[in-house]
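What you see is a predicted model, and the numbers here were worked out from it, not measured in a lab.
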Amino acid sequence: MKKVLLTLTGILAAVSAMAQTKYVDVLYPESSIQVTKNITYATHITVLPVLLGGNPAPENLAMDIYSSSDNTDAKKPLVIFLHTGNFLPRYVNNGVSGARDDSATVAFCKRLAQRGYVVASMSYRLGWNPASPNENVRRETIINAAYRGVQDLSACVRFFKKDAAGANTYGIDTTKIAAGGQGTGGYVTLAYSTLDRLSEIRIEKFYNLDAKRWMVQDSALMGDLEGFKIPGTTGAMVIENHKGHTSNAQITFNLGGALGDSSWLEAGSLPIISVHGIQDPFAPYKLGVVAVPGTNPPLNVVDVSGSYDVMMRTNKFNNNASYKGKVYDVYTMQANKLNDGLEGLFPIAGAANGSAPWEWWDTAAIKALGLSNAATILRNADLSNPLHKVQGKARAMRYVDSIMGYVAPRLAVSLGLVASVGVDERDLSSNITVYPNPTTGNINVVNNWTNHQMQRIAIRDMSGKMVFETGANAQAMTLSNLGLRPGMYIVEIALNGGLARNKVVVQ
């Protein structure tokens, strides 16, 4: 763990010495961040009162908006951020988080605002039945909760587009919108970025065999993915918000969470950036089953695709073309050591990092609340960030900053705010020698430029997957013990001032 923390500290120190780029780096002081709270963006029907013996009822959904007073641009990019919480209120969910004023949620929003973004931290409808002994009930109620979350996120996007078409109160460039979330918010944003037709939720695992019906009753109750009534149907739980405006963003990101079903992700889905703990105890990193936190033995809910599987499919379909190969910095170098060449995936290693090493909380304050489930709440908190007791907020903030260091440049490039980060597209291949070619083993790289120094050498297969990478600080290097299979590869050399790419055949 000490090694990981030293690595993160080294990253932050290196970045602080570089020139600052708007929308990529922290540019504005935290003192300049203004927070406008409790702005209603939509009204939807919530099922949360049902858990207390009541009936579904309208709920005004609110958000807090973060922006820097130092950013005087007339139009600014927007990030909509969703908190975590297992679709239940904080503490009721057996966790320390679950609202838009959670410690880490506020920190992520401030860090994005310090880069120049306007950030809307939105609440969304809660409510499902995690305590049911019937797995069909658990599965049906949580898929409906996620479906409502997608509707709420869509309504929030439309709120800003409607406002921008009029007074544009918040100064938003509606062609530059990103959506992201942590934990449960990650589930919602992944569904939002991939679901584009109702037939995708009518698959076997979302059919209630007991009730003999599809789990999401979109026609009779829920409406479509945008929260509108389906023509010719009742839509009994639908309140339509901001009709006439589109619900699309340009890119999404998830910090943990998972995708409800891999079939939802196909060519043309939105670009995605994923951050995930490799040993996340709640949401699988690859493929696995989500379990209800705080239950013993664990109550399983549904099998899902974690961030690794999501990014494998996203890269396969080339959905990340908007930023792929356009960001290369110290955060990228660290991620590439663990992500098996999956561009856009930032893995966090180590069981001690849990599911959310970016979170912190006040243990004494939680105990003082006198909650009957306080011990369970704190036990789950320790699973999400086992080293919180050792280093608390300071360590968590290092993860916040490192995650934003990886995510923000990809947002900026995808939204057209910068062309690239750490990559100069100038082609310097003409004065780089790579031999022998073909080769049966070693590869020699010679830099014949006197005014451009080699910084990094990578080898990619023809699909673009990185199979080898090393730093470079000499004019000539021999790459050995590569273990490459026969075939054609691209040797990619990053230099200060440009890139060189050479094809090599391995026999």
Any [X] side-chain heavy atom under 4.5 Å of [Y] side chain:
X    : Y    : result
P271 : N319 : no
L411 : F253 : yes
K176 : L78  : no
T46  : P56  : no
V289 : V304 : no
I201 : Y147 : yes
L387 : P357 : no

Problem set entry | Y23/Y117 aromatic ring centres below 6.0 Å |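 Under 6.0 Å, so yes.
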Exercise. Taking it one step at a time, do T314 and N320 satisfy side-chain hydrogen bond (donor to acceptor under 3.5 Å, both in side chains)?
Worked result: CA-CA 7 Å; T314 297; N320 285 346; 5.2 Å; no
Over all atoms of both residues, closest heavy-atom pair of [X] and [Y]:
X    : Y    : value
Y170 : I65  : CE2-CD1, 3.4 Å
Y41  : A155 : CD1-C, 4.3 Å
A179 : T189 : C-CG2, 4.1 Å
D196 : L225 : C-CD1, 4.0 Å
S32  : S68  : OG-OG, 2.8 Å
S305 : L287 : OG-CD2, 3.5 Å

For this session: Output yes when D101 and K37 qualify as a salt bridge under the 4.0 Å nitrogen-oxygen rule, no when they do not.
Result: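 The answer is no: the pair does not qualify as a salt bridge.
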Problem set entry | Salt-bridge criterion met for R111 and D401 (N-O under 4.0 Å) |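 Salt bridge between R111 and D401, a charged N being under 4.0 Å from a carboxylate O: yes.
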Flag, side chain of [X] to backbone of [Y], donor-acceptor distance under 3.5 Å:
X    : Y    : result
R125 : V47  : no
K205 : G260 : yes
Y187 : G256 : no
D173 : K75  : no
N93  : Y91  : yes
N373 : L371 : no
R115 : V24  : yes
W264 : E200 : yes
D64  : N38  : yes
E30  : Q114 : no

For this session: Just jot down the side chain to side chain donor-acceptor pair (under 3.5 Å) partners of K76, sequence neighbours excluded, or say none.
Result: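 Applying side chain to side chain donor-acceptor pair (under 3.5 Å) to K76 gives none.
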Without hydrogens or angle criteria, can the side chains of [X] and [Y] be said to hold a donor-acceptor pair below 3.5 Å?
X    : Y    : answer
N336 : N339 : yes
E226 : S247 : yes
K161 : T246 : yes
H388 : D382 : no
N60  : T43  : yes

For this session: For R148 and D152, run salt bridge (charged side-chain N to carboxylate O under 4.0 Å, His left out): C-alpha distance rounded to whole Å, both residues' side-chain angles, the deciding distance at 0.1 Å, then the answer.
Result: CA-CA 6 Å; R148 289 189 291 270; D152 295 346; over 6 Å; no
For this session: Could you walk me through whether D340 and Y308 pass side-chain hydrogen bond (donor to acceptor under 3.5 Å, both in side chains), step by step?
Result: CA-CA 9 Å; D340 293 340; Y308 185 96; 2.8 Å; yes
For this session: Report the residue from H83, Q182, R100, K110 that forms a side-chain hydrogen bond (donor to acceptor under 3.5 Å, both in side chains) with T105.
Result: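 Single side-chain hydrogen bond (donor to acceptor under 3.5 Å, both in side chains) partner of T105 among H83, Q182, R100, K110: Q182.
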For this session: Applying side-chain hydrogen bond (donor to acceptor under 3.5 Å, both in side chains) between E140 and each of N208, N134, N129, report the one that passes.
Result: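 Between E140 and the candidates, side-chain hydrogen bond (donor to acceptor under 3.5 Å, both in side chains) is satisfied uniquely by N208.
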Exercise. Checking side-chain contact (heavy atoms from CB on, under 4.5 Å) for the pair V302/I143: CA distance, chi angles, key distance, verdict?
Worked result: CA-CA 9 Å; V302 64; I143 186 63; over 6 Å; no
For this session: Quick one: do R158 and D163 satisfy salt bridge (charged side-chain N to carboxylate O under 4.0 Å, His left out)? Show the steps, please.
Result: CA-CA 8 Å; R158 293 196 304 274; D163 179 76; over 6 Å; no
Exercise. Does the pair D102 and T84 meet the rule for a side-chain hydrogen bond (donor to acceptor under 3.5 Å, both in side chains), with working shown?
Worked result: CA-CA 9 Å; D102 291 338; T84 191; over 6 Å; no
Exercise. Parallel, tilted or perpendicular: which describes the rings of F87 and Y124, with under 30° parallel and over 60° perpendicular?
Worked result: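 Rings of F87 and Y124: perpendicular, as their planes differ by over 60°.
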Exercise. Mind checking whether F108 and W358 have parallel, tilted or perpendicular rings, split at 30° and 60°?
Worked result: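 Taking W358 first and then F108, their aromatic rings stand perpendicular (interplane angle over 60°).
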Problem set entry | V238/I45 under side-chain contact (heavy atoms from CB on, under 4.5 Å): CA gap, chis, key distance, verdict | CA-CA 7 Å; V238 175; I45 302 292; over 6 Å; no
For this session: Could you check D261 against I203 for side-chain contact (heavy atoms from CB on, under 4.5 Å), going step by step and ending with a plain yes or no?
Result: CA-CA 9 Å; D261 195 80; I203 55 179; 3.5 Å; yes
Exercise. Restricting to pairs with a member in residues 279-291, which pass side-chain hydrogen bond (donor to acceptor under 3.5 Å, both in side chains), not counting sequence neighbours?
Worked result: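 Output for this query lists H276-D280.
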Problem set entry | Sole residue of K324, R410, K326 in salt bridge (Lys or Arg N to Asp or Glu O under 4.0 Å) with E343 |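 Per the salt bridge (Lys or Arg N to Asp or Glu O under 4.0 Å) rule, the option paired with E343 is R410, out of K324, R410, K326.
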Problem set entry | Option from L61, I39, I80, T40 for which side-chain contact (heavy atoms from CB on, under 4.5 Å) with F159 holds |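 Exactly one option meets the side-chain contact (heavy atoms from CB on, under 4.5 Å) with F159, and it is I39.
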For this session: Take E359 and R395 through the salt bridge (charged side-chain N to carboxylate O under 4.0 Å, His left out) test and state the conclusion after the steps.
Result: CA-CA 9 Å; E359 288 188 346; R395 177 178 180 274; over 6 Å; no
Exercise. Between K229 and D218, does a salt bridge (charged side-chain N to carboxylate O under 4.0 Å, His left out) hold up when you go through it step by step?
Worked result: CA-CA 9 Å; K229 289 183 179 180; D218 49 83; over 6 Å; no
Exercise. Between L153 and L82, is a side-chain contact (heavy atoms from CB on, under 4.5 Å) present by the stated rule, with each step listed?
Worked result: CA-CA 9 Å; L153 176 51; L82 290 78; 4.1 Å; yes
For this session: Kindly state each residue pair satisfying salt bridge (charged side-chain N to carboxylate O under 4.0 Å, His left out) with at least one member in residues 44-63, sequence neighbours excluded.
Result: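 Passing the test, one end in residues 44-63: no pairs.
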